[in-house]
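Numbered from 1 within each chain, the chains take letters A, B, ... in sequence-line order.
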Amino acid sequence: MTDSEIKDEGNLEPTLPFSPRVFSEHLLEWYKLAGRELPWRQTRDPYLIWLSEIMLQQTTVAAVIGYYRRFLMRFPRLTILASAPLEEVIDLWAGLGYYARARNLHATAQELVENRGGEFPQAVDELMMLPGIGRSTAGAIAALAFDQSAPILDGNVRRILCRVFALDELPRSGSADKKLWKWAESLTPQHRTHDYTQAIMDLGALICTPKSPRCDQCPVESLCLARSRNLVDMLPMKTPRKKIPTRHQLALLLVNRERCLIQRRPPNGLLGGLWEFPGFETTQEEPFAAIRQHCAGRRSISEVRLLGHARHTYSHFHLEVDFYRVDLVPYDGIAEGTEQWLPLVDLEQLPLHGAHKKLLPLIGA
DNA sequence: AATCCGGGGTG
DNA sequence: CACCCAGGATT
């Protein structure tokens, strides 16, 4: 037995029902055989790892892969990303959601190039000072790019630890959070942290899944308290969710000489920097009067008709959109501010946000 | 501690 | 459709 093994045993957390070393060894052995090959796993380049981790926040691997490739095609290096206009970064992010991630990505790239010689810091607490990088993402970058012994606590790890330790609390509570981070820290080995980190993410994605986990294939089944107590299907505890309100909106296809008016949303807040049809929120049903009111004094309307409806759900409200085509008496439309007259045939390529993208099939009707 | 941020998948 | 999933910033 080596010195480090003796020391590990000596530091064993009294709350841990097993040796962290056994846990990580079983996990690493499984990973060698069953680990996934992903586009961002052939590298230790912190730029590539950082990009993948930001894209993977709140997002599945399947949804990310295409965006990751397109993004790197356009921004293959940190310096190129830093010198690009934010609008181009948003355009490549369109459809991926949580657009603050794209703004923070751009801000971090500029911060690193301007103040750190284009290099990522290696320490977790320094990584956490960068926009869009919290404790878990900082840990992932430190572990994957720099092979540091830093824990992560993403959704996969959170679910695994809730089960392995049979945590009898809501997993997002402050109290649970403290315990989970402590456990994550205790289980993260001093060596081979790069592989360990990818292994535990894969365990969550492939074996310890939210529904129907494959416990019979799990490398740490013998250590899992939820398994031995037959609680796997009850854990993690489900946080009660509140019901969300519904908002109504009118969106307008303002048509003038085969072009329509579109506008870019302000850079911050909901769907920041994405394009949309002009429109307004409504509380009651007076569509035609409201539309004429909305367009009053701007241009002459020749015809208004309803094209259809779309529903879209955000994290905290439902949106119902009524889509109207408004044909204008042809005139020389001048776009102002964030507006633009776009040929109708170009709408498909436009980085519209999800709710308005659902309206496009209605145009042909 | 609670709320704000999307979009995809399942049944 | 209803419901599930899931990091970081902000207030």
Exercise. Taking the P atom of each, how far is C/dA9 from B/dG8, in whole Å?
Worked result: 23 Å
Problem set entry | Gap between atoms CG and P, on A/L161 and C/dA6 respectively (whole Å) | 13 Å
For this session: Indicate whether the side chain of A/Q249 and that of A/H356 have a donor and an acceptor atom separated by less than 3.5 Å.
Result: yes
Exercise. Counting any heavy atom closer than 4.0 Å, what does A/Q57 reach on the DNA or RNA strands: base, sugar-phosphate only, or nothing?
Worked result: sugar-phosphate
Seminar exercise, completed: Taking C/dC4, B/dC5, B/dG7 as options, the one with an atom nearest any side-chain atom of A/H312 is B/dG7
Exercise. Side chain of A/L270: nearest nucleotide among B/dG7, C/dC5, B/dC5?
Worked result: B/dC5
Seminar exercise, completed: To the nearest angstrom, the CZ-C1' distance between A/F317 and B/dG7 comes to 13 Å
Problem set entry | Span that lies between the C1' atom of C/dA6 and that of B/dT3, in whole angstrom | 15 Å
Exercise. What's the closest nucleotide to the A/R241 side chain, out of C/dC4, C/dG8, B/dG7?
Worked result: C/dC4
Problem set entry | Test applied, salt bridge (Lys or Arg N to Asp or Glu O under 4.0 Å); reference residue, A/D91; option that passes from A/R74, A/R70, A/R264 | A/R264
Exercise. Do the side chain of A/R227 and the main chain of A/V232 share a donor and acceptor less than 3.5 angstrom apart?
Worked result: no
Problem set entry | P atoms of B/dG6 and C/dT11, separation to the nearest Å | 15 Å
Exercise. Hey, which of these two, A/S173 or A/A100, hits DNA chain B nearer its 5' end, going by closest nucleotide?
Worked result: A/S173
Problem set entry | A/D332 atom CG, neighbour heavy-atom count above 12 within 6.0 Å | no
Problem set entry | Closest-nucleotide 5' rank along DNA chain C - winner of A/R159 and A/N104 | A/R159
Exercise. Pick the nucleotide of DNA chain B nearest each of A/G174 and A/T313; which residue has the one closer to the 5' end?
Worked result: A/G174
For this session: Choose from B/dC5, B/dG8, C/dG7 the nucleotide whose nearest atom is closest to any side-chain atom of A/A63.
Result: B/dG8
Exercise. With a cut-off of 6.0 Å (strictly less than), are more than 12 heavy atoms of other residues, nucleotides or ligands near CZ of A/R36?
Worked result: yes
For this session: Could you tell me the separation between the NZ atom of A/K243 and the C1' atom of C/dA2, rounded to a whole number of Å?
Result: 12 Å
Seminar exercise, completed: Separation of B/dG7 atom C1' from A/L56 atom CG, nearest Å, is 14 Å
For this session: Could you check how far CG of A/L274 sits from C1' of B/dG7, rounded to whole Å?
Result: 12 Å
Exercise. Which of these nucleotides, C/dG7, B/dG6, C/dC4, is closest to any side-chain atom of A/R172?
Worked result: C/dG7
For this session: Could you tell me whether A/I133 contacts a base, only the sugar-phosphate backbone, or nothing, with contacts defined as non-hydrogen atoms closer than 4.0 Å?
Result: sugar-phosphate
Problem set entry | Among B/dT10, C/dC5, C/dA9, the one nearest A/K211 by side-chain distance | B/dT10
Exercise. Separation of A/H318 atom NE2 from B/dG6 atom P, in whole Å?
Worked result: 16 Å
Exercise. Would the number of heavy atoms belonging to other residues, nucleotides or ligands and lying under 6.0 Å from CD of A/E320 be above 12?
Worked result: yes
Exercise. If only side-chain N and O atoms of A/H316 are considered, is one of them under 4.0 Å from the OP1 or OP2 phosphate oxygen of B/dC5?
Worked result: yes
For this session: Rounded off to whole Å, could you give me the CG-to-P distance for the A/N268 and C/dT10 pair?
Result: 10 Å
Problem set entry | Nearest-nucleotide comparison on DNA chain C, the residue closer to the 5′ end among A/R135 and A/T239 | A/T239
For this session: Check every strand shown and say whether A/G272 touches a base, only sugar-phosphate, or nothing at a heavy-atom separation below 4.0 Å.
Result: nothing
Exercise. Does A/K238 place a side-chain N or O at less than 4.0 Å from the phosphate oxygens OP1/OP2 of C/dC3?
Worked result: no
Seminar exercise, completed: Closest of C/dG7, C/dA6, B/dG6 to the A/T137 side chain is C/dG7
Exercise. If we take the C1' atom in both C/dC5 and B/dC5, what is their distance in whole Å?
Worked result: 15 Å
Exercise. With a non-hydrogen cut-off below 4.0 angstrom, is A/K242 in contact with a base, only sugar-phosphate, or nothing?
Worked result: sugar-phosphate
Exercise. Does atom CD of A/E126 have more than 12 heavy-atom neighbours from other groups under 6.0 Å away?
Worked result: yes
For this session: To the nearest Å, give me how far apart CG (A/L170) and C1' (B/dA1) are.
Result: 13 Å
Exercise. Which part of the nucleic acid, if any, lies within reach of A/R103 when heavy atoms closer than 4.0 Å are counted: base, sugar-phosphate only, or nothing?
Worked result: nothing
For this session: Indicate, with a heavy-atom threshold strictly under 4.0 Å, whether A/L271 touches base, sugar-phosphate, or nothing.
Result: sugar-phosphate
For this session: Report the nucleotide, chosen from C/dC5, B/dC4, B/dG7, that has the shortest atom-to-atom distance to any side-chain atom of A/Y99.
Result: B/dG7
